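Residue numbers begin at 1 in each chain, while the letters A, B, ... track the order of the sequences. This is a predicted model, so every value here is computed, not measured. FYI, side chains are in, hydrogens and waters are out, and symmetry mates aren't considered; it's all heavy atoms of this structure.
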There are 2 protein chains.
Amino acid sequence: MAALRMLYHINGLGEGKKMAKDRKIDVVILGLLAHEDLTGYDIKKQIDGAISFFWKGSFGSIYPALSDMEKQGLVKRKKADVTSGREKIFYQITKKGKDTLKVWLNDEKATNDLKYETLLKMYFGGSEDRSVTIRNIEIFEEQVKGNLEVLKIYKENLEKILDQEDHLHFYLTVTFGIETYEAYMKWCNMAKKILKEK
Amino acid sequence: MAALRMLYHINGLGEGKKMAKDRKIDVVILGLLAHEDLTGYDIKKQIDGAISFFWKGSFGSIYPALSDMEKQGLVKRKKADVTSGREKIFYQITKKGKDTLKVWLNDEKATNDLKYETLLKMYFGGSEDRSVTIRNIEIFEEQVKGNLEVLKIYKENLEKILDQEDHLHFYLTVTFGIETYEAYMKWCNMAKKILKEK
DNA sequence: TTTTGATATATCATTTTGATATATTATGTA
DNA sequence: TACATAATATATCAAAATGATATATCAAAA
């Protein structure tokens with residue numbers, strides 16, 4: 001049984017009752033809230049930042065998850081800023097939320113999925129002119145190049161503050177991105193070369 | 001405007017009418033049917049094969065897509081095998097289906113998404129004991145090692161038949177997988193080493 | 001002053017997943 | 001031969017996620 005389901009079970013949801021699936025956005029939100037209180041909008045911004053190269057999340061999943069997790073007692077609303085009429089809801093992680101995060105981190109199950117349309121086009125592109133495939137590689141190469149530059153800046157900044165355990169973890173994640181993107185670049189050059197032969 | 005939407009537009013779906021989103025499973029199915037006639041079950045098996053490391057697809061998306069694409073005239077049913085009582089529906093790509101595939105291949109837009117729970121655990125794992133993170137890396141390493149072995153066998157077999165354009169494309173896709181998985185292995189060793197320091 | 005862009009929450013149709021239901025056919029084994 | 005198990009095959013469903021859109025406020029630039 002997966003860790004989250006196990007926790008739901010411990011918390012009293014019996015076998016017969018309809019149980020929520022493992023909603024992955026929950027742990028992303030909990031992971032971010034473990035560091036600081038955030039609004040739904042803040043969460044989206046953070047997901048679109050350093051996290052974006054290995055995980056995605058839309059408003060359409062974040063807001064419903066937040067209100068659902070509030071009902072479950074994993075997060076709680078902080079008092080709204082009364083000085084301004086502006087609606088702004090800060091969320092805070094609870095003890096139960098921290099426990100859920102801990103259970104997930106210690107669960108050995110992890111799904112790692114890649115969905116690369118570029119590779120789909122490569123795989124099915126044998127019927128088209130080679131220039132089409134080469135163009136698709138070039139577009140991919142540009143995307144990768146841009147991402148690589150951003151990740152290298154992240155890395156440089158993190159290298160200065162590696163003494164904190166959290167920063168070491170961010171650093172290793174970023175390093176993963178750099179290593180793989182560099183492998184992509186290498187492959188792009190190789191593939192273009194082969195396709196330009198003959 | 002995305003290529004598929006463009007084609008839908010050309011085919012008479014006006015602006016006001018509710019239009020289907022870009023359903024990616026369609027082009028996966030069309031790409032496979034471009035090579036040979038297949039049943040829904042066959043399609044699932046192919047997706048779980050060489051394609052699986054860069055794309056996924058479940059029965060719950062394949063079967064509804066097939067019947068919808070039949071209505072759109074992108075694929076058509078082949079006569080069922082009458083000798084056996086066994087229900088088995090072979091699908092064949094149509095001229096319109098081939099055109100749709102071609103438009104997609106020539107469309108420069110491509111989304112490339114990674115969803116790695118392992119990296120999510122790495123990123124948020126700073127609060128746990130290092131042994132937890134190391135264990136998560138080891139599990140990932142085992143998965144990668146297994147996939148790498150399978151891809152290397154694919155590569156060896158494809159190297160013998162590179163004269164066919166399709167096989168060259170399969171070969172380049174597989175090579176991408178090998179290069180990235182090897183980068184992953186390199187990163188795993190580096191990350192474990194750093195986490196075991198101090 | 002106004003208009004553009006960023007902030008902020010929320011909802012909706014569509015797509016996809018992952019699980020399950022149902023039934024047939026092939027294979028291994030007692 | 002009989003029986004159980006695994007593979008084949010289609011199909012549906014709730015839950016989750018995406019991507020788009022709606023609504024409104026606030027800050028900054030033109």
Side-chain angles (χ1 to χ4, degrees), chain A residues 1-2 4-5 8 13 15-29 37-48 52 55-70 77-78 80-81 83-91 109 111-115 117, chain B residues 1-2 4-5 8 13 15-29 37-48 52 55-70 77-78 80-81 83-91 109 111-115 117:
Chain A
M1 200 198 290
L4 279 179
R5 281 172 188 274
Y8 288 143
L13 282 142
E15 295 299 335
K17 287 171 213 166
K18 208 165 277 178
M19 212 190 297
K21 261 190 227 176
D22 288 332
R23 194 175 45 188
K24 294 284 163 61
I25 191 68
D26 287 14
V27 286
V28 180
I29 292 171
D37 301 339
L38 297 165
T39 67
Y41 192 78
D42 292 334
I43 289 165
K44 172 64 174 159
K45 268 198 292 181
Q46 293 236 19
I47 290 173
D48 288 343
S52 72
W55 206 268
K56 299 274 184 301
S58 60
F59 286 127
S61 65
I62 294 166
Y63 283 110
L66 277 171
S67 67
D68 191 53
M69 285 160 79
E70 197 193 1
R77 277 165 194 250
K78 280 187 71 181
D81 190 355
T83 54
S84 117
R86 189 82 186 85
E87 186 180 24
K88 203 172 178 181
I89 309 160
F90 275 92
Y91 287 92
K109 210 181 95 255
T111 62
N112 296 310
D113 289 334
L114 202 87
K115 279 209 163 182
E117 204 173 348
Chain B
M1 200 198 289
L4 279 180
R5 282 171 189 277
Y8 287 143
L13 283 141
E15 296 298 336
K17 287 172 213 165
K18 208 164 277 180
M19 211 190 300
K21 262 189 230 177
D22 288 332
R23 194 174 45 186
K24 293 285 162 60
I25 191 69
D26 287 15
V27 286
V28 179
I29 292 171
D37 301 338
L38 298 165
T39 67
Y41 192 78
D42 291 334
I43 289 165
K44 171 64 174 159
K45 267 197 292 182
Q46 294 238 19
I47 290 173
D48 288 343
S52 71
W55 207 269
K56 299 274 184 305
S58 60
F59 287 126
S61 64
I62 294 166
Y63 284 108
L66 277 171
S67 66
D68 191 53
M69 286 160 79
E70 196 193 4
R77 276 164 195 253
K78 281 188 71 181
D81 190 356
T83 55
S84 116
R86 189 81 185 83
E87 185 181 23
K88 204 172 177 182
I89 309 159
F90 275 92
Y91 287 91
K109 211 181 94 256
T111 62
N112 296 311
D113 289 334
L114 202 89
K115 279 207 164 184
E117 202 173 348

Kindly give the heavy-atom pair with the smallest separation between A:Gly40 and A:Ile62, and that separation in Å. O-CG2, 4.0 Å
Defining pairs by Watson-Crick or G-U wobble geometry with both distances under 3.5 Å, how would you list the stems of DNA chain D with at least three pairs each? C:1-30 with D:1-30
Specify the separation, in whole Å, of atom CG of A:Asp42 and atom C1' of C:dA10. 16 Å
Proximal nucleotide (of C:dA8, D:dT10, D:dA16) relative to the A:Thr39 side chain: C:dA8
Hey, does A:Lys24 reach any base, or is it just sugar-phosphate, or nothing, if we go heavy atoms under 4.0 Å? sugar-phosphate
Length of the line joining B:Asp26:CG and C:dT14:C1', which is rounded to integer Å: 12 Å
Can you find a pair of side-chain heavy atoms, one from A:Ile89 and one from A:Leu66, that are under 4.5 Å apart? no
Output all residues satisfying side-chain hydrogen bond (donor to acceptor under 3.5 Å, both in side chains) with B:Ser58, sequence neighbours left out; order by chain, then residue number. none
For residues 59-70 of chain B, pull every pair meeting salt bridge (charged side-chain N to carboxylate O under 4.0 Å, His left out), keeping only residues two or more places apart or in separate chains. B:Arg23-B:Asp68, B:Glu70-B:Arg77
For B:Gln46, which residues count as a side-chain hydrogen bond (donor to acceptor under 3.5 Å, both in side chains) partner, sequence neighbours excluded? B:Glu36
From B:Glu117 CD over to A:Asp113 CG, what is the distance, rounded to the nearest 0.5 angstrom? 9.5 Å
Please evaluate residues B:Trp55 and B:Lys24 with respect to the criterion side chain to side chain contact (heavy atoms under 4.5 Å, CB included), reporting the C-alpha separation (whole Å), side-chain torsions for both, the decisive distance (0.1 Å), and the verdict. CA-CA 10 Å; B:Trp55 207 269; B:Lys24 293 285 162 60; 3.6 Å; yes
Any heavy-atom pair between the side chains of A:Ile43 and A:Ile25 that's under 4.5 Å? no
A:Asn112 meets the side-chain hydrogen bond (donor to acceptor under 3.5 Å, both in side chains) criterion, sequence neighbours left out, with B:Thr118, B:Gln143
What is the separation between atom CG on B:Asn112 and atom P on D:dT18, rounded to the nearest whole Å? 15 Å
Which whole-number value in Å describes the distance from A:Lys88 NZ to C:dT7 C1'? 8 Å
With a 4.0 Å cut-off on heavy atoms, is A:Lys56 in touch with a base, just the backbone sugar-phosphate, or nothing at all? sugar-phosphate
Rounded to whole angstroms, how far apart are CD on A:Glu117 and P on D:dT18? 15 Å
Rounded distance in Å - CG (A:Asp22) to P (D:dA16): 9 Å
Contact list for DNA chain C against residues 58-69 of chain B - heavy-atom distance below 4.0 Å: B:Ser58, B:Gly60, B:Ser61
Would you mind reading off the distance between B:Tyr91 atom OH and D:dA11 atom C1', rounded to a whole angstrom? 11 Å
Short side-chain N/O contact to D:dT8 OP1/OP2 from B:Tyr41, under 4.0 Å: yes
5′-ward residue of the pair B:Gly40/B:Lys115 relative to DNA chain D: B:Gly40
Expressed in angstrom and rounded to an integer, what is the separation of A:Asp48 atom CG from C:dA6 atom P? 13 Å
